[in-house]
Amino acid sequence: MGLPRDPLFWLLLLLVASCSGILLALFSSVGKPHPGPRSGASTAQEPVCFPDVCAVAKSQEAGQDLACWRSTTAPQAFSGPKATNARTSKGQPCRRPLALAARRHPHFRDLFDFSQPVLLSGGLFTQELWDSLSQRKAPYGWQGLSRQDIASTLSLLNGSESTQLFGPARPRQGCVRCAVVGNGGILNGSRQGLNIDAHDYVFRLNGAVIKGFEEDVGTKTSFYGFTVNTMKNSLISYKKLGFTSVPQGQGLRYIFIPSDLRDYVMLRSAILGEPVRKGPDEGDRPQTYFGPEASASKFKLLHPGFISYLTERFLKSKLMNTNFGDLYMPSTGALMLLTALHTCDQVSAYGFITSNYWKFSDHYFERIKKPLIFYANHDLSLEAALWRDLHAAGILRLYQR
């Protein structure tokens with residue numbers, strides 16, 4: 001018997017075959033278990049990870065936990081339900097944004113003010129602002145500083161790039177994940193390089209030695225934070241240990257911390273691409289530090305009011321009431337970490353002081369172990385307590401070992 005030649009017959013046969021395939025696929029998927037947490041697992045004993053970043057660890061050999069670390073405290077903000085207003089990144093929801101964790105915390109919800117301006121630009125320079133900040137000494141204000149020098153510098157920061165940390169080229173869509181890398185000895189042998197580089201933005205500061213320590217600290221740098229004093233001291237003190245130049249790169253941005261007039265003067269010269277014209281850095285050529293590219297978009301300036309806000313609410317040390325009160329200010333690392341906490345959706349901190357700091361050298365790049373020194377101009381004990389509490393609240397992920 002020959003095969004039917006009726007076209008309708010073949011069309012019906014094709015339709016039946018297609019439907020059978022779809023039903024078979026649906027049946028097969030029902031039998032597969034949905035991936036999820038292991039039942040009965042203790043939250044406190046499991047590695048606490050950032051979403052997406054943990055994918056890096058899955059490609060590593062067992063025991064090389066590059067993306068996650070064990071914590072005796074499992075931050076509730078990173079294990080709760082997704083925020084309904086969370087932004088998405090690459091189609092994925094921003095799970096557990098730190099701002100939501102801060103708003104839910106009984107202590108930190110009264111400290112965080114995400115409306116506080118982080119950066120200072122020319123558009124914010126008014127007579128009212130001058131009258132206010134000229135009553136306070138640097139880094140909290142402009143008392144005793146030249147108004148002409150302040151105004152001439154801020155007049156160069158007049159673009160939209162100067163008002164936003166990430167700039168208009170990076171729209172605030174998606175989950176902005178940031179790693180802030182301090183220089184603590186805890187990073188030596190940590191093998192956290194891949195985890196650090198997996199973040200959207202990486203902040204570094206002061207003597208950020210990378211060469212030879214890539215496996216521990218990564219290679220990516222998005223922002224480099226400093227005061228002119230800490231930058232130049234780092235170049236002198238750590239030159240023999242590998243810090244021979246400030247990080248440079250076309251996409252890299254520099255965050256000036258205005259601790260003195262010299263920071264404003266250096267910033268102005270850097271934008272104009274000309275030698276420093278006055279002060280202790282007179283004759284310096286900023287391009288030797290920051291590269292040949294000279295444009296305002298490459299530089300950011302922390303707002304003195306923001307530094308004052310951070311100090312008053314988060315790091316109000318008892319040292320302020322001593323003979324060292326005029327010297328005290330939060331450390332460069334503290335200012336960079338708190339800047340990230342006010343601008344990013346999720347923040348990981350590496351190389352910052354922890355409760356067992358005495359086990360590690362002062363800096364990760366030191367060949368001989370040196371103890372951490374507590375200077376009077378910073379309150380590292382207070383900073384350590386703050387990182388611990390922010391970590392426990394689920395607002396910050398603090399690398400510990």
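Just so it is clear, the values below take in all heavy atoms, side chains as well, and ignore hydrogens, waters and symmetry mates.
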For the ring pair [X] and [Y], is the centre-to-centre distance below 6.0 Å?
| X | Y | value |
| --- | --- | --- |
| Tyr254 | Phe223 | no |
| Phe203 | Tyr201 | no |
| Phe374 | Tyr357 | yes |

Counterpart residues, side chain to side chain contact (heavy atoms under 4.5 Å, CB included), relative to [X] (two or more places apart):
| X | result |
| --- | --- |
| Ser308 | Arg136, Tyr140, Glu312 |
| Ser297 | Glu161, Ser295 |
| Lys359 | Asn356 |
| Gln116 | Asp113, Phe306, Tyr309 |

Tell me every residue that passes salt bridge (Lys or Arg N to Asp or Glu O under 4.0 Å) with [X], counting only those two or more places apart in sequence or in another chain.
| X | result |
| --- | --- |
| Glu282 | none |
| Lys370 | none |
| Arg262 | Asp281 |

All pairs passing salt bridge (Lys or Arg N to Asp or Glu O under 4.0 Å) where residues 267-280 contributes a residue, at least two apart: Asp149-Arg277, Asp149-Lys278, Arg268-Glu274

Side-chain ([X]) to main-chain ([Y]) donor-acceptor, under 3.5 angstrom:
| X | Y | result |
| --- | --- | --- |
| Asp216 | Ser190 | yes |
| Gln346 | Arg95 | yes |
| Glu215 | Arg191 | no |

Residue pairs fulfilling side-chain hydrogen bond (donor to acceptor under 3.5 Å, both in side chains) with at least one residue in residues 320-331, sequence neighbours excluded: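 Sorted pair list: Ser331-Glu383.
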
Asp197 and Thr219: side chain donor to acceptor below 3.5 Å: yes

Atom pairs and distances, donor-acceptor, side-chain atoms in residues 105-112, under 3.5 Å, two or more places apart:
residue	atom	partner	partner atom	Å
His105	ND1	His107	N	3.1
His105	ND1	Phe108	N	3.2

Option among Phe243, Phe256, Phe299 that satisfies the ring pair (Phe, Tyr, Trp, His ring centres under 6.0 Å) test with Phe226: Phe256

Inter-residue atom distance Leu154.CG - Leu124.CG, 0.5 Å rounding: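 Separation between the atoms: 9.0 Å.
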
Could you pull out all donor-acceptor pairs under 3.5 Å where a side-chain atom in residues 283-292 meets a protein atom, sequence neighbours excluded?
residue	atom	partner	partner atom	Å
Asp284	OD2	Lys232	NZ	2.7
Asp284	OD2	Tyr289	OH	2.8
Thr288	OG1	Arg285	O	2.6

Atom of Gln127, atom of Arg147 and distance for their closest heavy-atom approach: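 Minimum heavy-atom separation between Gln127 and Arg147: OE1-NH1, 3.0 Å.
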
Qualifying residues under side chain to side chain donor-acceptor pair (under 3.5 Å), relative to Asp263, sequence neighbours excluded: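 Here the qualifying residues are Ser259.
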
